[in-house]
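For reference, the structure is listed below as structure tokens.
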Amino acid sequence: MMPGEPWTVAKSEQLYGFEHWGAGYFRVNARGNVSVWPNGPDGSAIDLQELVEAVRQRDIQLPVLFRFNGILRHRLRMIHGAFTAAIAEYKYRGEYRPVYPIKVNQQRHVVNELSEAGRAFNLGLEVGSKPELIAVLAIQDNPDALLICNGYKDRQYLELALMARRVGRRSIVVIEKPSEIDLLLKLSEEMGVEPEIGFRLRLAGRGAGRWERSGGERAKFGLTVSEIAAALQVLREHGKLHWVKLLHFHIGSQLTNISSLKRAVREASQVYVQLSRHCPQIALFDVGGGLAVDYDGSKTAFESSMNYTVEEYARDVVWILMEACDAAQVTHPTIVTECGRAMVAFNSVLVMEVLGLANTFSAPCDPRAVLAASDSPTIVTMAQMLQELTPKNCQETLHDANELRQDMLQQFSLGLIPIEDRALGDQCYWALLNAINGMTGDLHYVPEDLQKLPALLTDTYFCNLSIFQSMPDSWAVDQIFPITPITRLGEEPRRRVVLADITCDSDGKIDRFADLREVKHYLPAHDLRDGEQYCFAVFLVGAYQEILGDLHNLFGDTNAVHVDVNGSGQVTFAHVVRGDSVGQVLRYVQYEKADLVERWRHALERAVSEDQLTARESAVLQRKYEAVFNTYTYLR
Ligand SMILES: *Cc1c(COP(=O)(O)O)cnc(C)c1O
């Protein structure tokens with residue numbers, strides 16, 4: 001950028017990488033605000049700042065999780081479209097059936113919205129536990145949709161899956177362990193219900209990326225080929241080979257590299273064609289989940305990215321399976337996917353406000369004032385270095401400054417310099433580092449120690465959120481989520497910040513940000529202005545984050561608002577799900593309001609009897625205490 005050239009929203013759009021990770025759903029509008037395009041580039045846009053205003057008017061406090069129903073519908077259509085296009089292109093003679101694994105986001109409104117939108121495609125649901133099955137049994141009412149039952153199963157789980165068939169649900173029991181076959185044979189006879197079953201295949205090949213251990217021979221789930229052979233033998237003996245309808249595998253989530261998927265499909269296709277010789281009714285080939293999301297927008301095999309598109313994924317699955325079937329003259333099966341992350345990650349956006357600036361390393365420092373105020377030799381030297389700094393001596397100055405600072409800290413620890421001098425020394429030091437950092441642009445070659453400066457010179461913005469509650473994967477597995485300011489994108493963001501949350505945990509910070517080449521260790525942001533709210537949005541948090549989030553420091557669920565657009569193009573809030581109140585999170589850990597209130601009252605009574613409080617004052621304190629139970633757990 002040329003000096004003096006004005007900043008533009010286009011520059012912000014590029015700086016934050018909207019076009020790379022936004023998938024057409026998130027952009028910057030002419031007002032410099034983030035805009036959301038729930039139906040992709042062809043639909044209409046919603047101004048995120050206006051949404052924040054609208055929820056504020058309704059007394060819904062930040063942090064707020066916005067869920068965009070339009071994005072859910074669009075993702076479903078997009079994934080479905082990719083498979084139907086691949087099927088048409090290759091003249092594949094089977095169908096495609098999407099299945100949504102509810103563990104990725106079990107929120108009722110999310111599942112309902114997907115089920116409604118998916119009716120046209122007979123969208124199925126996948127469950128992995130009894131509670132998930134109980135929920136789905138009652139709400140899924142399309143007899144043509146699949147209900148895939150995965151996970152370890154006990155007698156009760158299997159009973160539920162069989163009961164489902166009695167009411168016309170198409171439950172398919174995926175066998176994960178050999179012992180499930182024996183139990184199923186027994187129950188089927190007792191209940192007089194014939195199940196449909198599938199085998200979960202334990203592939204020899206592994207996935208790649210963070211969850212690669214989900215696949216491979218040492219994987220936690222699935223039957224090896226020899227266990228499948230043994231199961232077939234048992235079924236044959238009981239005359240039940242016709243139960244087998246599906247072959248399933250799942251090599252892990254967030255498959256960053258398409259080659260591991262291709263390898264898995266190749267291996268599983270062979271198992272499928274072999275199985276079809278024994279099981280005349282098998283007709284479903286289920287590739288599980290794993291379709292990734294490009295969180296950092298780099299289109300690489302990096303952990304938070306993916307080196308393929310949804311279209312390529314669909315084409316590879318269809319083509320490899322078709323080749324194997326054609327070679328063995330086997331009927332093309334229906335292709336089933338259980339894409340969870342790719343279906344729902346985009347739909348949720350968390351908006352939180354910045355509460356303030358913590359440590360700043362960019363305070364201005366006038367060396368003459370320092371020289372006038374201190375005669376400590378270390379500090380005088382630093383101030384002189386600040387006056388004499390040039391691009392030519394800046395690397396040398398950095399080394400000297402680091403040494404002087406060490407000296408100063410040591411002198412301070414020994415009680416040799418007063419706190420005022422220490423403060424001046426710190427100011428000089430950070431001013432030197434900032435000035436040196438500002439000179440690196442003039443250098444032909446930037447030495448390594450100078451390259452590290454930007455990450456060192458970041459300020460910390462405190463944000464009203466708990467990372468443990470709202471983006472746990474950022475903490476637990478270093479997952480990167482795109483984060484941007486939601487306003488002022490027409491202004492140049494001159495600060496470099498890292499984010500800290502309001503938990504009392506030093507891990508509650510974000511210092512890794514999306515970047516096309518590497519991981520960026522700071523986020524560009526604007527100066528805070530007095531009396532003006534400044535908010536960040538965290539994007540792509542719709543998959544796994546809500547249910548994995550925890551109550552660290554008793555910060556509860558955030559408010560969630562479902563955003564839709566009605567027939568006349570107006571934005572509506574289809575559902576508002578209030579976040580946890582203080583009373584609710586306390587109850588999770590067995591504190592009852594009545595008991596706490598009574599104990600507090602006792603404490604107040606005692607203070608009154610000891611003349612530390614008047615009765616009137618005690619009433620005020622009682623009221624203030626009780627009022628908190630119904631409030632939001634976050635800062636107001
Ligand atoms: C978790 C899981 C999925 C979803 O995986 P994504 O990577 O989110 O698509 C699908 N199938 C099974 C069996 C799973 O355990």
Side-chain angles (χ1 to χ4, degrees), residues 72 75-76 78-80 82-83 97-107 110-111 114 123-129 131-133 136 146-153 157 161 171-177 180 197-203 206-216 219-223 246-258 260-261 264-265 268 284-295 303-306 308 310 313-314 317 335-348 472-473 477 479 540-548:
L72 277 183
R75 292 301 293 175
L76 178 59
M78 203 271 265
I79 294 169
H80 188 268
F83 274 92
R97 282 300 186 84
V99 166
Y100 172 62
I102 74 161
K103 77 156 190 276
V104 187
N105 190 327
Q106 301 103 333
Q107 293 291 325
V110 170
V111 176
L114 274 175
L123 174 77
L125 295 174
E126 185 262 4
V127 298
S129 67
E132 289 184 351
L133 177 55
V136 165
L146 299 170
L147 198 183
I148 308 269
C149 301
N150 279 324
Y152 290 142
K153 301 166 200 74
Y157 186 146
S171 56
I172 297 193
V173 176
V174 177
I175 304 296
E176 308 247 12
K177 276 191 316 188
E180 288 170 4
I197 70 172
F199 291 124
R200 177 161 183 169
L201 175 61
R202 183 183 298 232
L203 290 162
R206 279 172 159 223
R210 185 173 291 129
W211 284 278
E212 65 167 332
R213 273 163 303 166
S214 323
K220 184 171 149 192
F221 298 105
L223 305 179
L246 170 145
L247 180 69
H248 167 86
F249 67 91
H250 173 71
I251 53 171
S253 200
Q254 184 68 9
L255 296 174
T256 59
N257 198 333
I258 190 75
S260 49
L261 173 88
V265 176
L284 299 162
F285 184 81
D286 180 350
V287 301
L291 179 56
V293 166
D294 196 357
Y295 291 96
E303 282 182 338
S304 295
S305 187
M306 60 199 278
Y308 57 95
V310 175
Y313 175 91
V317 170
I335 296 170
V336 177
T337 64
E338 300 171 0
C339 306
R341 184 187 296 275
M343 196 93 89
V344 298
F346 289 88
N347 99 95
S348 303
D473 278 348
V477 290
Q479 150 122 36
L540 276 52
V541 290
Y544 298 107
Q545 301 316 295
E546 286 174 63
I547 206 66
L548 290 178

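Quick note: residue numbers are just sequence positions, from 1. Counting starts at 1 for both ligands and their atoms, following the listed order.
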Open item on the list: Quick check on Phe221 - does any of its heavy atoms sit under 4.0 Å from an atom of ligand 1?
Closed with: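 Not so, Phe221 does not reach ligand 1.
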Open item on the list: So, 4.0 Å and heavy atoms of His248: is ligand 1 close enough to count as a contact?
Closed with: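 It does; at least one heavy atom falls under 4.0 Å.
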Is any N or O atom of [X], backbone or side chain, closer than 3.5 Å to an N or O atom of ligand 1?
| X | answer |
| --- | --- |
| Glu338 | yes |
| Gly290 | yes |
| Gly340 | yes |

Supply the atom-to-atom distance [X] [atom1] to [Y] [atom2], rounded to the nearest 0.5 angstrom.
| X | Y | atom1 | atom2 | value |
| --- | --- | --- | --- | --- |
| Ile172 | Leu146 | CD1 | CG | 5.0 Å |
| Glu546 | Gln107 | CD | CD | 5.0 Å |
| Asn105 | Tyr100 | CG | OH | 4.5 Å |

Which bit of [X] gets closer than 4.0 Å to ligand 1, counting heavy atoms only: side chain, backbone, both or neither?
| X | value |
| --- | --- |
| Arg200 | side chain |
| Met343 | neither |
| His250 | side chain |
| Cys339 | backbone |

- [ ] Please work out whether the ring planes of Tyr313 and Phe83 are parallel, tilted or perpendicular, with thresholds of 30° and 60°.
- [x]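 Answer is perpendicular, since the angle exceeds 60°.
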Using a strict 4.0 Å cut-off to heavy atoms of [X], name the atoms of ligand 1 that fall inside it.
| X | answer |
| --- | --- |
| Glu126 | 12 (C), 13 (C) |
| Asn150 | 13 (C) |
| Gly289 | 5 (O), 9 (O), 10 (C), 11 (N) |
| Arg341 | 6 (P), 8 (O), 9 (O) |
| Val104 | 8 (O) |

Quick check: closest heavy atoms across [X] and [Y], and the distance to 0.1 Å?
| X | Y | value |
| --- | --- | --- |
| Gly151 | Glu180 | O-OE2, 3.9 Å |
| Ala82 | Val310 | CB-CG1, 3.8 Å |
| Cys149 | Leu133 | SG-CD1, 4.2 Å |
| Met343 | Leu72 | O-CD2, 4.1 Å |

TODO: Say whether, by atom type as modelled, one donor and one acceptor occur between the side chain of Arg75 and the main chain of Val344 under 3.5 angstrom.
DONE: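 No, Arg75 side chain to Val344 backbone: no donor-acceptor pair under 3.5 Å.
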[atom] - nearest protein heavy atom and its distance:
| atom | answer |
| --- | --- |
| atom 8 (O) of ligand 1 | Tyr544 OH, 2.6 Å |
| atom 7 (O) of ligand 1 | Ser253 OG, 2.5 Å |
| atom 2 (C) of ligand 1 | Lys103 NZ, 2.3 Å |

Task: Student check: side-chain heavy atoms of Val265 and Phe285 closer than 4.5 Å - done: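 They are in contact (side-chain heavy atoms under 4.5 Å apart), so the answer is yes.
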TODO: Apply the side-chain contact (heavy atoms from CB on, under 4.5 Å) test between Leu114 and each candidate in Asn347, Leu125, Ile102, Leu123; give the one that qualifies.
DONE: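 Of the listed residues Asn347, Leu125, Ile102, Leu123, the side-chain contact (heavy atoms from CB on, under 4.5 Å) partner of Leu114 is Leu123.
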